[in-house]
Every structure is written in structure tokens, then in C-alpha cells.
Amino acid sequence: MPQTTSETTTSPHGSAPAPAPQVWPMLRARDARALIRFLTEAFGFEATAVYGDGERVAHAELSWPEGGGIMLGSVREADDDPCGLQPGASGAYVVTDRPDALCARARAAGAEITDEPADTDYGSRGFSARDPEGNRWSFGTYRGAPHPVRS
């Protein structure tokens, strides 16, 4: 379930609380319904809203169980597309406490693993994958730098 703007999470670095996730990357897909199935089965997103007729998806929201989510829709072959994104041109970093288990799940669902699970020099453990549309996904334990304490 997406978090509301009134929720906060404690920074792992002991500084000011981090605000609830409110950045929702957006992407377009050639086959949005197939991408939604893939993202839910392979990565564990939850389809919280899907609007459209037939194979066309006008708007979809997929929540990330650990906070935040993504929005997507079918690509429009019109010059007046307000989004203007091309399928496969997006990328996102997604925080997870279980990167190894998630990588195994993604692999079992047919995801192309582009970077195997590994530890980084900045204290994260993660992996990267590509979805069937070509978008790049990085999953890891790094939750961002500590937020400065505001006075």
C-alpha cells in the first residue's frame, strides 16, 4: 500500500527522518498489460489501479510494497502525446530489504539479470535487471544519503 505524505521513515544514518516516498517514475509500454503482469510476477509490484479498454492502458499505478511505486501506460503513436516517453527508455532504482530473494524471483519469472547481486562500496547490496520492454531496474538496500537536519 502506498504511504501517505504524513508518514515518515527513520533514516538508517540516525539523522532527520526521511519523508514518505512520493517520487513515482513513469514509463510507456508497447504492451502495457503484459508489462504489468511481468512487473507484478517478476519484481513483486502490486497493481493498484489499471484504466483502459482492451489491450490499451490509459493509466496504471503499481505500488511497491516497501513504499512508493510507478505509473505507466500504453505508448501513444501521436505527436500530441503529453508524456513523450518511448518504451524501454526508462530506468528506476527501487529500495528493497531482500535483493537476493528478489533477484531469484525475477530470474525465475524470466527477467534478464544484467548485474548479479553484489555489495557496493557505499554499503548497499543490489542487482539490476531489464524488463521485456527494455527498461532498466536496479534494486538495492541503499536508502539514500541522510537528510540534513532542518532548523
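A donor-acceptor contact shorter than 3.5 Å is absent between the side chain of Glu41 and the backbone of Ala109. For the pair Ser124 (side chain) and Tyr142 (backbone), a donor-acceptor distance under 3.5 Å is present.
Every residue two or more places apart in sequence or in another chain that forms a side chain to side chain contact (heavy atoms under 4.5 Å, CB included) with Ala49 is listed here: Tyr51, Glu61. Applying the side chain to side chain contact (heavy atoms under 4.5 Å, CB included) rule to Ala60 yields the partners Ile36, Val50, Val57, Leu62, Leu72; only residues at least two apart in sequence or on another chain are considered. In this view, Glu112 and Thr114, Arg130 satisfy the side chain to side chain contact (heavy atoms under 4.5 Å, CB included) rule, not counting sequence neighbours. With sequence neighbours excluded, no residue forms a side chain to side chain donor-acceptor pair (under 3.5 Å) with Arg33. Every residue was checked against the side chain to side chain contact (heavy atoms under 4.5 Å, CB included) condition with Ala118, not counting sequence neighbours, and none meets it. Phe139 pairs by the ring-ring contact (aromatic ring centres under 6.0 Å, His included) definition with Phe43, Trp64, Phe127, not counting sequence neighbours. For Thr40, there are no side chain to side chain donor-acceptor pair (under 3.5 Å) partners, not counting sequence neighbours. Residues forming a salt bridge (charged side-chain N to carboxylate O under 4.0 Å, His left out) with Arg37 (at least two apart in sequence, or on another chain): none.
Looking at heavy atoms from C-beta onward, Pro117 lies in side-chain contact with Cys103 at the 4.5 angstrom threshold. Put simply, the side chain of Pro99 reaches to within 4.5 Å of the side chain of Thr141, judged on heavy atoms. Looking at Ile70 and Leu39, their side chains come closer than 4.5 Å, going by heavy atoms from C-beta outward.
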Would Asp31 and Glu55 satisfy side chain to side chain contact (heavy atoms under 4.5 Å, CB included), going step by step from the backbone distance to the final call?
CA-CA 7 Å; Asp31 188 343; Glu55 289 301 306; 3.9 Å; yes

As a quick check of understanding, evaluate side chain to side chain contact (heavy atoms under 4.5 Å, CB included) for Gln86 and Arg28, giving each step before the final call.
CA-CA 6 Å; Gln86 294 301 309; Arg28 292 285 199 208; over 6 Å; no

Worked verdict on Leu35 versus Asn135 for side chain to side chain contact (heavy atoms under 4.5 Å, CB included):
CA-CA 10 Å; Leu35 183 59; Asn135 300 299; 4.3 Å; yes

Using the side chain to side chain contact (heavy atoms under 4.5 Å, CB included) rule, take Phe38 and Asp131 through it: C-alpha gap first, then chi angles, then the decisive distance, then the call.
CA-CA 8 Å; Phe38 176 84; Asp131 68 33; 3.6 Å; yes

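Looking at every heavy atom in both residues, Leu102 comes nearest to Ala42 through CD1-O, 4.0 Å.
Residue pairs meeting the side-chain hydrogen bond (donor to acceptor under 3.5 Å, both in side chains) criterion with at least one member in residues 87-110, sequence neighbours excluded: Glu66-Thr96, Asp97-Arg143, Asp100-Arg125, Arg107-Glu116.
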